[in-house]
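Let me begin by presenting the structure, written as structure tokens, before commenting on it.
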Amino acid sequence: MALVLYNTRSRREEVFEPLTPGKISIYVCGITVYDRCHVGHARSLVFFDTLVRYLRWRGYQVEFVRNITDIDDKIINRARERGESWKDLADRFIAEMHRDVAALGCVQPDIEPRATEHIGEMIELIAELERHGLAYAVGDGDVYFAVTGFARYGALSGRNLEEMQAGARVDVDERKRSPMDFALWKAAKPGEPWWPSPWGNGRPGWHLECSAMSMKYLGRVFDIHGGGEDLIFPHHENELAQSCGAYDTDFVRYWIHHAFVRIDQEKMSKSLGNAFAIEDVLKEVEAEGLRLHLLSVHYRSPLDFSAAGIAESTKALVRAYETLARADEAGVPRHEYGFDSPQAAPLVEAMDADFNTTRGVGILFEAARDANRALDAGDLARGAEAVGVMRAAGLGLGLLMRSPAEFLAGYNARGASQAGLAAADIERLIGERREARAAKNFKRADELRAELLAQGIVLEDGPGGTSWRRA
RNA sequence: GGCGGCGUACCCAAGUGGUUAAGGGAGAGGUCUGCAAAACCUCGACUCAGCGGUUCGAAUCCGCUCGCCGCCUCCA
């Protein structure tokens, strides 16, 4: 079995071969911290988290780097609007981003470099580009990359300079040699933060940080570079030009880009004003329900955001946790199926095929049905195997990692509290109903049950008594 | 204008040349139950936007038409 992934550079699926056998180096473009993260960012965070988790579970030693862009025009402008320092603003949104990452159940990257902590490396890179005749300074201290000096410019995004210039929407800057040249270093305007450099006081251009930091931590060639598909051009095209131009390296072996989250058939984005902050969404929905929802669509297809869609996924997730809880209660033995076990083979096959998380989720639920069927039949051995498949799928996808009893208790308690009920209230009504049932007063028993149902609480009568859950 | 992608059941969504077109949500019937709920079983696209073509064989390849989206500007 071979891991296959879609490489943006070749526009086709390729068999993945790591630079060093058994090891994988990954650099993902992270967030520009000028505002809270939205659901589009959540897709990026969850997808690459799943990719890293899967590859680790799959037996690879993964080095995962995700940067933070903590200096740029938007940060400066936003800080100015709010009358605080750009540093304080960036730090605050970094903390909020970390909170969102944790809430979504994502691992933190091994290294999370910040642009402003790598100014020296970036200056060094510009100097190297200058030596290769690919960088030029204009009078006032701005430095540009000369795209016409880099023959492969446009190869990643599949475009060429003539086409781009024909349809360019950018204002042509007379100081540039070519309209597509981009800034490596920006001279500081009055009141802006700056760092000293051979070209004067200023700050780095956006694309530079990722070239400098990825190569610093992962080497001049590394395995995977990822991000949203809007980064293909110009960001990744420019990174590639900088890194390859400076060091004549292959730079990135596999480029992976995921599609957007959409709302009403339109890209979710800050500039369109249709973005939902992760923080706000998680007040309304289960974080793991959102996570499952994001994984239920293949990463290269657009995903429509809707509360109803997340609710559907959450229902499915709860069902899976209920199956696990049921298995725990029945005392089925725990099996741990590694990626090379026959039980995990279908999941590995799905995920090896360009991270088909959709199919992976399907496998998880097929196993859930098998488990319930076996438990219905009292076949604990078969139930244990099916539950083992569920857990293996969970490990590969980053789902079902929590204790089922704990998850369900929390989920149900939140439902009850939304209805203004405490667990003790519900227990009291259950006790009252138990007495009514014992007296064969089914009319009263049914009234009590209907009362709770109206508040979103379902009662279930089982052999061991009555339990309650969120409708 | 250039480049790229998508259109599969009521909804979401896998599958991209060959056994009965995954899975989830919703719905209908059944088993179970005091009645329910949950779970399970059954049903649900003779069909994959439309029309042509290639092939022994296509949702899957090619062409055209219609509809939708993305990138070409900061953006996950």
Side-chain angles (χ1 to χ4, degrees), chain A residues 8 11 28-32 34 37-48 69 72-74 77 154 157-160 162-171 180 206 226-235 237 257-262 265-272 275 292-293 296-298 300-304 306 308-317 319-320 322-323 326 346 350 353 356-377 437 440-443 445-446 449-450 453 458-463 466-469 471:
Chain A
T8 303
R11 278 168 212 74
V28 174
C29 284
I31 314 294
T32 300
Y34 72 101
C37 294
H38 61 247
V39 176
H41 297 117
R43 184 174 202 189
S44 178
L45 294 169
V46 167
F47 169 64
F48 285 110
T69 300
D72 90 321
D73 290 345
K74 277 190 274 204
N77 292 336
S157 55
R159 49 194 94 206
N160 61 54
E162 294 75 56
E163 285 167 358
M164 285 190 279
Q165 286 165 29
R169 285 183 277 160
V170 288
D171 294 329
M180 300 312 294
W206 173 41
E229 62 186 3
D230 49 356
L231 298 183
I232 297 171
F233 190 90
H235 185 53
E237 190 72 61
H257 295 96
H258 66 263
F260 302 124
V261 173
R262 303 192 308 192
Q265 302 272 3
E266 209 177 34
K267 175 183 174 180
M268 178 187 286
S269 82
K270 280 279 159 46
S271 45
L272 290 172
L292 172 61
H293 190 61
S296 68
V297 176
H298 185 82
R300 284 194 284 112
S301 296
L303 170 75
D304 279 300
S306 74
I310 298 170
E312 286 179 9
S313 295
T314 302
K315 277 194 176 184
L317 178 73
R319 198 182 128 225
E322 279 172 343
T323 301
R326 190 184 167 198
N356 192 338
T357 56
T358 312
R359 178 72 196 121
V361 167
I363 288 164
L364 192 157
F365 283 101
E366 284 169 15
R369 194 188 53 217
D370 286 349
N372 279 315
R373 192 163 22 193
L375 292 170
D376 276 359
R437 290 183 76 206
K440 301 273 186 222
N441 184 355
F442 294 121
K443 183 166 173 289
D446 290 350
R449 188 172 56 199
L453 184 61
V458 176
L459 297 188
E460 298 185 352
D461 298 326
T466 299
S467 59
W468 65 274
R469 65 178 176 83

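Below, read A as the first sequence line, B as the second, and so on, with proteins coming before strands; counting in each chain starts at 1. Note that the coordinates shown come from a computational prediction; the quantities given were computed from them, not determined experimentally.
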Practice prompt. For Arg300(A), enumerate each residue passing the salt bridge (Lys or Arg N to Asp or Glu O under 4.0 Å) test, keeping only those at least two apart in sequence or located in another chain.
Written response: Glu13(A), Asp354(A)
Discussion item. Protein within reach of the bases, or only the backbone? For nucleotides 32-43 of chain B, mark each nucleotide 5' to 3' as B, S or -, using heavy atoms under 4.0 Å.
Written reply: --BBBBSSSS--
Practice prompt. Using only heavy-atom distances, decide whether a donor-acceptor pair under 3.5 angstrom links the side-chain of Glu229(A) to the base of G70(B).
Written response: no
Fill in: Atom pair distance, as rounded to whole Å: CZ in Arg262(A) and C1' in A13(B)
13 Å
Worksheet item: Which residues satisfy the side chain to side chain contact (heavy atoms under 4.5 Å, CB included) test with Thr358(A), sequence neighbours excluded?
Response: His298(A), Asn356(A)
Worksheet entry | Residues forming a salt bridge (Lys or Arg N to Asp or Glu O under 4.0 Å) with Lys270(A), sequence neighbours excluded | Asp35(A)
Item to complete: Using both pair distances under 3.5 Å as the test, note the stems of at least 3 consecutive Watson-Crick or G-U pairs that include RNA chain B.
Response: B:1-7 with B:66-72, B:10-12 with B:23-25, B:27-31 with B:39-43, B:49-53 with B:61-65
Fill in: Which residues share a side chain to side chain donor-acceptor pair (under 3.5 Å) with His258(A), sequence neighbours left out
none
Worksheet, complete the sentence: Sorted by chain and residue number, the side chain to side chain contact (heavy atoms under 4.5 Å, CB included) partners of Val458(A) (sequence neighbours excluded) come out as Leu453(A), Glu460(A), Arg469(A), Ala471(A)
Worksheet item: With Thr8(A), which residues qualify under side chain to side chain contact (heavy atoms under 4.5 Å, CB included), at least two apart?
Response: Leu156(A), Ile232(A), Trp255(A), His257(A)
Discussion item. If the condition is side chain to side chain donor-acceptor pair (under 3.5 Å), which residues does Ser313(A) pass it with, not counting sequence neighbours?
Written reply: His293(A)
Polar atom pairs (N or O), protein with nucleotides 14-18 of chain B, under 3.5 Å:
| from | atom 1 | to | atom 2 | distance (Å) |
| --- | --- | --- | --- | --- |
| A14(B) | OP1 | His298(A) | N | 2.9 |
| A14(B) | O3' | Asn356(A) | ND2 | 3.0 |
| G15(B) | OP1 | Asn356(A) | ND2 | 3.1 |

Discussion item. From CD of Glu237(A) over to C1' of C71(B), roughly how many Å is that when rounded to an integer?
Written reply: 12 Å
Response to the item:
Here the distance between atom P of A26(B) and atom CD of Glu312(A), to the nearest Å, is 7 Å
Discussion item. Ala445(A): which residues meet the side chain to side chain contact (heavy atoms under 4.5 Å, CB included) condition with it, sequence neighbours left out?
Written reply: Arg433(A), Ala436(A), Arg437(A)
Worksheet item: Which of the following nucleotides, C74(B), A22(B), C69(B), is nearest to the side chain of Glu366(A)?
Response: A22(B)
Worksheet entry | Pairing residues for Arg159(A) by the salt bridge (Lys or Arg N to Asp or Glu O under 4.0 Å) criterion, not counting sequence neighbours | none
